[in-house]
Amino acid sequence: MSLFFELLGWIGSFCFLLAYYMLIRGKWQANQPIYHWYNIAGSVLFVANGAYYSAWAVLFINFVWGIIACYGLIKTPK
């Protein structure tokens, strides 16, 4: 079971890094839904990882990051 949650953490890391990389390269913009979806996915995966390992600081920061990404998604022009 720990391998599963470890994998979730790695996939979450990839989501965050890809979103940031695509933003910096100018491929994605901060007002595009895909940017926010990748941040939401990364935060959800890290929250699961943090909960499993009782890493409360990891869980907290990623929960807040996910809330901010959801707000960004809601505020994104349609």
Side-chain angles (χ1 to χ4, degrees):
M1 186 60 88
S2 68
L3 178 62
F4 174 74
F5 285 97
E6 189 69 22
L7 186 59
L8 291 183
W10 283 105
I11 295 169
S13 296
F14 177 77
C15 288
F16 284 150
L17 290 174
L18 180 63
Y20 189 62
Y21 176 77
M22 296 299 276
L23 180 71
I24 294 303
R25 296 282 300 163
K27 304 292 183 185
W28 293 351
Q29 301 299 316
N31 63 353
Q32 289 181 296
I34 192 164
Y35 175 73
H36 298 295
W37 280 115
Y38 269 79
N39 278 291
I40 292 166
S43 70
V44 166
L45 294 171
F46 263 118
V47 164
N49 177 275
Y52 180 79
Y53 288 110
S54 299
W56 306 118
V58 170
L59 189 148
F60 172 75
I61 192 66
N62 284 289
F63 178 77
V64 173
W65 191 277
I67 296 293
I68 293 168
C70 287
Y71 176 76
L73 186 63
I74 291 167
K75 290 297 186 180
T76 298
K78 304 301 185 249

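Grouping the Ile, Leu, Val, Met, Phe, Trp and Tyr side chains by contacts below 4.5 angstrom, directly or via other members, places Tyr71 apart from Ile74.
Among pairs with a residue in residues 45-62, those fulfilling side chain to side chain donor-acceptor pair (under 3.5 Å) read Glu6-Tyr53, at least two apart in sequence or across chains.
Of all the heavy atoms in Gly72 and Thr76, the pair that sits closest is O-OG1, 2.6 Å. What you find for Leu45 and Leu8 is that their closest heavy atoms are CB-O, 3.4 Å. Nearest heavy atoms, Gly50 versus Leu59: C-CD1, 4.2 Å. Closest heavy-atom contact between Lys27 and Gln32: O-OE1, 4.0 Å.
Not counting sequence neighbours, the partners of Leu18 by the side-chain contact (heavy atoms from CB on, under 4.5 Å) test are Phe14, Met22, Trp28, Tyr38.
Taking Ile, Leu, Val, Met, Phe, Trp and Tyr as members and joining any whose side-chain heavy atoms lie under 4.5 Å apart, directly or through other members, Leu17 forms no hydrophobic cluster with any other residue. Under the 4.5 angstrom side-chain criterion for Ile, Leu, Val, Met, Phe, Trp and Tyr, the cluster partners of Trp37 are Ile40, Val44, Leu73. Taking Ile, Leu, Val, Met, Phe, Trp and Tyr as hydrophobic and joining them when side-chain heavy atoms fall under 4.5 Å apart, one finds Ile61 isolated, its cluster having no other members. The other members of the hydrophobic cluster of Val58, by chain and number, are Phe16, Phe46, Trp65 (side-chain heavy atoms under 4.5 Å, ILVMFWY only).
Under the 3.5 Å distance criterion, the side-chain polar atoms of His36 are left unmatched by any main-chain donor or acceptor of Gly66.
You'll find the side chain of Ile67 reaches within 4.5 Å of the side chain of Phe63, heavy atoms only.
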